[in-house]
Amino acid sequence: MVDINSRQSIVAIVFLAVVGPCVFILQPGFVQGLVELVGLTEEQAGKVASIEMFGLATTTVLLSFISSRVPWRRFAMACVGICTVGNLASLGQTDFETLAAIRFVTGLGSGGIISLTFTMMGLTERSDRNFGYIIVWVLTYGAFGLLLMPTAFASAGMNGVLVFFALFCAAGGYFVRFLPDAGPAHDAVADKRSYGSTIKAVSLFAILLYNIGIGIVWVYLFLVGLEADMGEQAVANALTFSQFLGILGAALAVVFELRLGRVLPLAVGMIGGAIAVYLLVGEIAPSRYWLAVCAFNFLWNLSMPYLLATLAEFDATGRIVVHGVSMQFIGYAVGPWLAALLLGVGGYDAVNFTAAALFVAAAVFLVPGVFDQRLHLRRSIDS
């Protein structure tokens, strides 16, 4: 038996939580590489990214139904293997359909890793803090990855980057042994909370809208910088700096946990994020691009630990977190696809305006669930 709250288990969960989205978190640079090195059009590159995210979403949806009936360690090891093989199979592929199919299968493995790690973290005693750890380390990886990606492409090409992804995924196999393997046991935990199904459904819909917006923005963020007459390394520098600010945003959740509650961080993060993305609409000077991407990344990653912990609060079994991760990655899958369609209709302005509107809508739909949790907290204190 593995204590899910032990340091060893937390470290393993965090490491695998970085392995799972190792391509997605570098998606702006990866999409740029698909365009410039592989020879895909911008729309094709966006669709390849979207199809990979549909793979992630497929596994997260599947796991939301079977998480209590699969041995977690074996499932995690199988997903690590799929990711490793999928990245190796992508080497040298230039055909859109073939590459899209391979990336879809790779996404299946990534989605399994992400779902399991987020589900496990939602079952820990200090989920706000622990989700913050995940976001901090994912962003640390992303910051250095985006900074080094132009150099990596120049020196090793797309194949070199894909080999790195494969090796990084394979390294996750070492940490699987430290994960809990008791999905059915966690499923048997008695749930004494009494939140209505409508409140949960509306909150999950808010997660979906928010992450569709994230997917829309993220996929073309590198190319938007190039559109602003910035060089590739200048865009990479801006995105890298924004990742470090994202680390700061997630670190606030680690430091403050529930001292500020969840309403204030969520309101600032989601509405502020909408304003930041709206700065990318219209003519964009380099200084405006820097401001927009830095504010967006900081506020996005301030919001995420609290969003995930809000879901974890709804039940003690971890089911709602699995459903939430499903909504998250369905959003990440739909977002790039929708962005590719919007790009052909109204360019990057249509892409970013739509994302900003979705952030605002998500904040509105999240209000009932957050305030219902506050009401439950007050009642428990009074009793």
Side-chain angles (χ1 to χ4, degrees), residues 1-22 24-25 60 63-64 67 72-73 76 110-143 172 175-183 185-187 189 191 193 203 207 211 243 246-262 264-266 269 298 300-329 370 373 377:
M1 295 294 294
V2 174
D3 179 8
I4 199 170
N5 292 295
S6 68
R7 179 180 298 178
Q8 206 172 36
S9 180
I10 296 294
V11 169
I13 293 170
V14 170
F15 185 86
L16 285 163
V18 178
V19 167
C22 68
F24 167 71
I25 201 66
T60 57
L63 201 62
S64 69
S67 62
W72 284 354
R73 287 195 206 113
S110 299
I113 297 171
I114 294 167
S115 295
L116 280 179
T117 52
F118 277 54
T119 300
M120 292 172 188
M121 204 59 98
L123 294 169
T124 59
E125 292 175 354
R126 302 172 69 180
S127 59
D128 294 80
R129 182 202 67 174
N130 293 335
F131 279 127
Y133 281 142
I134 288 179
I135 304 301
V136 165
W137 284 105
V138 166
L139 290 176
T140 300
Y141 160 84
F175 291 88
V176 170
R177 73 187 75 181
F178 304 116
L179 301 178
D181 198 32
H186 288 299
D187 190 54
V189 175
D191 187 7
R193 299 163 188 155
S203 298
I207 299 294
N211 287 289
Q243 291 285 80
I247 293 169
L248 176 62
L252 291 179
V254 174
V255 173
F256 290 107
E257 296 189 62
L258 288 174
R259 294 183 183 89
L260 299 176
R262 292 189 181 123
L264 179 61
L266 287 171
F298 173 79
W300 171 19
N301 293 289
L302 171 67
S303 302
M304 283 310 300
Y306 289 102
L307 278 170
L308 293 167
T310 297
L311 293 180
E313 182 68 24
F314 278 122
D315 78 271
T317 66
R319 284 196 199 96
I320 195 71
V321 175
V322 181
H323 295 318
V325 173
S326 298
M327 294 299 101
Q328 182 180 2
F329 285 96
V370 174
Q373 287 185 1
L377 178 62

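Predicted, not measured: the structure shown is a model, and the values here were computed from it.
- Between Ser115 and Val325, the shortest heavy-atom contact is OG-CG1, 3.8 Å.
- Summarising the geometry, atom CE belonging to Met120 is positioned 13.0 Å from atom CG belonging to Asn5; distances are rounded to the nearest 0.5 Å.
- Distance CD1/Ile135 to OG/Ser303: 10.5 Å, rounded to 0.5 Å.
- Between Val14 and Met121, the closest side-chain pair of non-hydrogen atoms falls below 4.5 Å.
- With sequence neighbours excluded, the residues forming a side-chain hydrogen bond (donor to acceptor under 3.5 Å, both in side chains) with Thr124 are Asn130, listed by chain and number.
- When the options Thr117, Ile134, Ile114 are evaluated for a side chain to side chain contact (heavy atoms under 4.5 Å, CB included) with Leu16, the one that passes is Thr117.
- Take Thr140 and apply the side-chain contact (heavy atoms from CB on, under 4.5 Å) test, not counting sequence neighbours, and it matches Val136, Trp137, Phe144, Ile247.
- Here the side chains of Leu307 and Phe131 are not in contact, with every heavy-atom distance at 4.5 Å or above.
- Heavy-atom minimum distance, Ala12 versus Leu179: CB-CD2, 4.0 Å.
- Annotation: side chain of Phe298 is in contact with side chain of Leu252 (closest heavy-atom distance under 4.5 Å).
- At least one side-chain heavy atom of Gln243 sits under 4.5 Å from a side-chain heavy atom of Ile25.
- Side-chain contact check for Met327 versus Asn211: every heavy-atom pair is 4.5 Å or farther apart.
- In terms of heavy-atom proximity, Arg177 sits nearest to Arg73 at O-NE, 3.6 Å.
- Closest approach of Ala17 to Phe118, counting heavy atoms only: CB-CE1, 4.3 Å.
- Between the side chain of Thr310 and the backbone N or O of Tyr306, at least one donor-acceptor pair lies under 3.5 Å.
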